[in-house]
Amino acid sequence: MKQLLSGNEACAIGAIRAGVRFFAGYPITPSTEIAEYLARELPRVGGTFIQMEDEIGSICCMNGATAAGVKAMTATSGPGFSLMQEGIGYSIMAELPCIIVNVMRGGPATGTPTRTSQADVMQARYGTHGDHPIVALCPWSVRECFDLTVAAVNISERLRIPVIVLMDEIVGHMREVVELPTEVEIWRPAQPKPAPEDYYHYDDRNNYDAAIASFGEGYRVHLTGLTHRKDGFPTDDPEIIKWNLDRLRNKIEQNRSWLWDIYYEDIGSETVIVCYGSAARAGMEAKRQFELKTGQRVGIVRLRMVWPFPNERLIALLRSARRVIVPEMNQGQLYREIERTVSLHVPVVSVQRYDGEMLTPEEIISHL
Amino acid sequence: MIELKDDRFLNYFRLDERFPHILCPGCGIGTTMATMVRAFLELGIKQDELCVVSGIGCSSRVPGYLDCDTFHTLHGRALPAATGVKLAKPELKVVVIGGDGDIMAIGGNHFIHAARRNLDLTVIVVNNFTYAMTGGQYSPTTPTHERAATAPFGNVERSFDVCFLARAAGAMFVARSTTFHVAHLKKMLELALKKKGFSVVEVISQCPTFYGRYQGIGDAVQMLEWLRARSIDVSKVSDPWHQKDKFVIGVLHDQQEIEPYTQLYEEVRERSRGK
Ligand SMILES: Cc1ncc(C[n+]2csc(CCOP(=O)(O)OP(=O)(O)O)c2C)c(N)n1
Ligand code: SF4
């Protein structure tokens, strides 16, 4: 069935199809349609929607629901995302899978609520405290809002981590006619649970995909935000502190082989545009127009997963290019990451727009 | 009466490896924890049916000694976390325990909204009138003029009455007791745990390490004496909300039960399917 949907709605639908049954949030433009859609649809599928008193409450409430065994999400924008950062740290430490959608506006502070930006790329990576990696996905279309939300749910369940979906206002509010699958692949853990006496909530395995227990199942689950032992109780034994933090890092590091998602075309060309989110729409159009006019090919690399940053893949893709152009709706947040990754091989140019308006193909063409 | 040597009582704790605990000798939090467990046993609340949630602070370390599902969350965030647990698994008994700083200061906004929502939660506020874990700074319950690590010349702020605030925000059941009145405390906890809806028990507790020292009240024994001398039963006062220099103990508010949140939300689910 073809439908006319916004990115925000497609994201909410994707969440429900992937098994999300809990939403806790606080209204903020331009993310509110996600909450409104889920307030209507979650009770219909037996799920729960709650509007909390603020974003701090929202993320903590979501962590509670996750700990009790329900797939959960929240959605917000920059200022609310800032309020959630301590709670995201908790999700990481306690290994609670959840989805945090940030429909980006310009900032800092309340910034430009009804305008667009991609200015929270670094907040997504480094917003919360302590050493830890993160996973963040960046859709560029309504269909991708659906697909990447489903992917986010699966990754978060598989690695027991919070996953961030970074949309920008343009993608969240844009409407497109799409056909969404009614069934999606849902990741399910492989191994059965051991008997309660032998159960450790955090064990030493390298694969992190065992079924885990939640509150109320008789396993006596102990969760804390403090550095803990494998049974979940706090410790300040230096060896275990290190084990704990290595574990958090290794979940991502040891899964790098599949933790990347890059779309690319014509990367043998002299010039390659590296982009993500709605800036990639301008990038694609710039490529098309330039090729029509000059007959020269332009390469494009579109990052659908911006964190963990795909260093090795990018070096492989960009090694033969003569020039890399990075258009972004911020002051060059991902440009710096790309620059330090590939500038040994190829010069990198940053194309920035941060006045709340859409980046245009012409602005990119002028750099080609 | 449950004896200390009672297996059922000891089973509730992670005696194998979590003890000795980190609380100071003579601290009232241990008394509160043991009394809470006795109330669970009295009411037949089983370890597998229970989730104890806390924030951060000395009082919030209690779940770390218990053998049931436990959830030690962020400073001030026990109530939203408990809200998520209860909404996801309404059949679980969810109990929140924390300090006056944790629940009334950083968690103050969550406290009033949780009371307003009326989920079936029991909140135990261990009030020692100070931020103990961080070294005796003043809290929202520290009386005006009293000294604290961050009030070397006396506290200039006015203080919250935990029970008054709980009642005004919509709690179904509100009671106060102290760590001196252990039998009374157990009774209050039982009533709160039995109540369907949001219930609050304020436990006035001694922190000899900081509050007792800063106010010159003295050690644990002198602080218990102070608790005894200052407490007055609610039946003996005409207005329980305006007693200066007295801890009015007993049931301060107990209203007729209304439908708890989870039941109302179940009705929402049904209505949503009809449309
Ligand atoms: C966000 C945040 N701010 C501050 C702290 C530091 N902190 C830890 S415990 C505490 C106060 C505890 O006081 P209270 O809740 O009254 O508990 P008590 O230790 O007195 O039992 C503070 C401020 C923290 N852990 N997190
Ligand atoms: S500092 Fe005070 S509240 Fe904390 S354990 Fe010691 S006596 Fe108890």
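We name chains A, B, ... by the order of the sequence lines, and we start the count at 1 in each one. Only heavy atoms go into these numbers, but all of them, side chains included; no hydrogens, no water, no symmetry mates.
The closest side-chain heavy-atom distance from A/Asp231 to B/Glu17 is below 4.5 Å. When side chains are defined from C-beta on, B/Asp69 does not count as touching A/Glu217, because their heavy atoms never get closer than 4.5 Å. Residues A/Pro234 and B/Arg18 form a side-chain contact, since some pair of their non-hydrogen atoms from C-beta on lies under 4.5 Å apart. B/Arg77 places a side-chain heavy atom less than 4.5 Å from the side chain of A/Ile56. The side-chain heavy atoms of A/Val221 and B/Phe71, taken from C-beta on, include no pair separated by under 4.5 Å. The closest side-chain heavy-atom distance from A/Ile50 to B/Thr83 is below 4.5 Å.
Between atom CD1 of residue B/Ile56 and atom OG1 of residue A/Thr224 there is a gap of 6.0 Å, rounded to the nearest 0.5 Å. The CZ atom of A/Arg220 sits 9.0 Å away from atom CZ of B/Arg14, with the distance rounded to the nearest 0.5 Å. From A/Cys61, atom SG reaches atom NE2 of B/His110 across 10.0 Å, with rounding to the nearest 0.5 Å.
Among all heavy-atom pairs drawn from A/Pro43 and B/Val268, the shortest one is CB-CG1, 4.2 Å. When all heavy atoms of B/Leu74 and A/Cys60 are compared, the pair lying nearest together is CD1-SG, 4.3 Å. Across A/Ala68 and B/Ala88, no two heavy atoms sit closer than the pair CB-CB, 3.7 Å.
Contact of A/Ala67 with chain B is made through the side chain alone, with heavy-atom distances under 4.5 Å. Proximity to chain B involves both the backbone and the side chain of A/Met52, based on heavy atoms less than 4.5 angstrom apart. For a residue to count as touching a neighbouring chain, one of its non-hydrogen atoms must lie under 4.5 Å from one of that chain's; by this rule A/Val70 touches chain B with the side chain only. Of the atoms belonging to B/Tyr265, it is side-chain heavy atoms, and not backbone ones, that fall under 4.5 Å from chain A. Contacts of A/Phe215 with chain B are made by both backbone and side-chain atoms, with heavy-atom separations under 4.5 Å. Within the 4.5 angstrom heavy-atom criterion, no atom of B/Leu79 approaches chain A. Both the backbone and the side chain of B/Leu87 come within contact range of chain A, judged by heavy atoms closer than 4.5 Å. Residue contact with chain A, scored on non-hydrogen atoms closer than 4.5 Å, is absent for B/Arg116.
Of the residues considered (A/Ala72, A/Ala94, A/Gly47), A/Gly47 shows the highest number of contacts with chain B, using heavy-atom pairs under 4.5 Å. Comparing B/Ala114, B/Cys51, B/Gly64, B/Cys68 by how many heavy-atom pairs each has under 4.5 Å with chain A, the most go to B/Cys68. Note on B/Glu91, B/Lys86, B/Arg61: by heavy-atom pairs under 4.5 Å with chain A, the leading option is B/Arg61.
By the neighbour-count criterion of 12 heavy atoms within 6.0 Å, atom CZ of B/Phe13 is densely surrounded, having more than that number from other residues, nucleotides or ligands. For NZ of A/Lys193, the number of neighbouring non-hydrogen atoms (other residues, nucleotides, ligands) closer than 6.0 Å is greater than 12. Environment of CG in A/Asp236: sparse, with no more than 12 heavy atoms of neighbouring residues, nucleotides or ligands closer than 6.0 Å. At most 12 non-hydrogen atoms from other residues, nucleotides or ligands lie less than 6.0 angstrom from OH of A/Tyr26. Within 6.0 Å of CZ in B/Phe160 there are 12 or fewer heavy atoms belonging to other residues, nucleotides or ligands.
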After noting the C-alpha distance and the side-chain angles of B/Arg269 and A/Thr48, does the key distance pass the side chain to side chain donor-acceptor pair (under 3.5 Å) rule? CA-CA 8 Å; B/Arg269 289 195 187 107; A/Thr48 307; 2.7 Å; yes
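A donor-acceptor pair is defined here as one N or O able to donate and one able to accept, closer than 3.5 Å; no such pair exists between the side chain of A/Arg44 and the backbone of B/Arg273. Under the 3.5 Å distance criterion, the side-chain polar atoms of B/Lys89 are left unmatched by any main-chain donor or acceptor of A/Gly216.
Salt-bridge check for B/Arg117 with A/Glu53: passed, with a basic side-chain N closer than 4.0 Å to an acidic carboxylate O.
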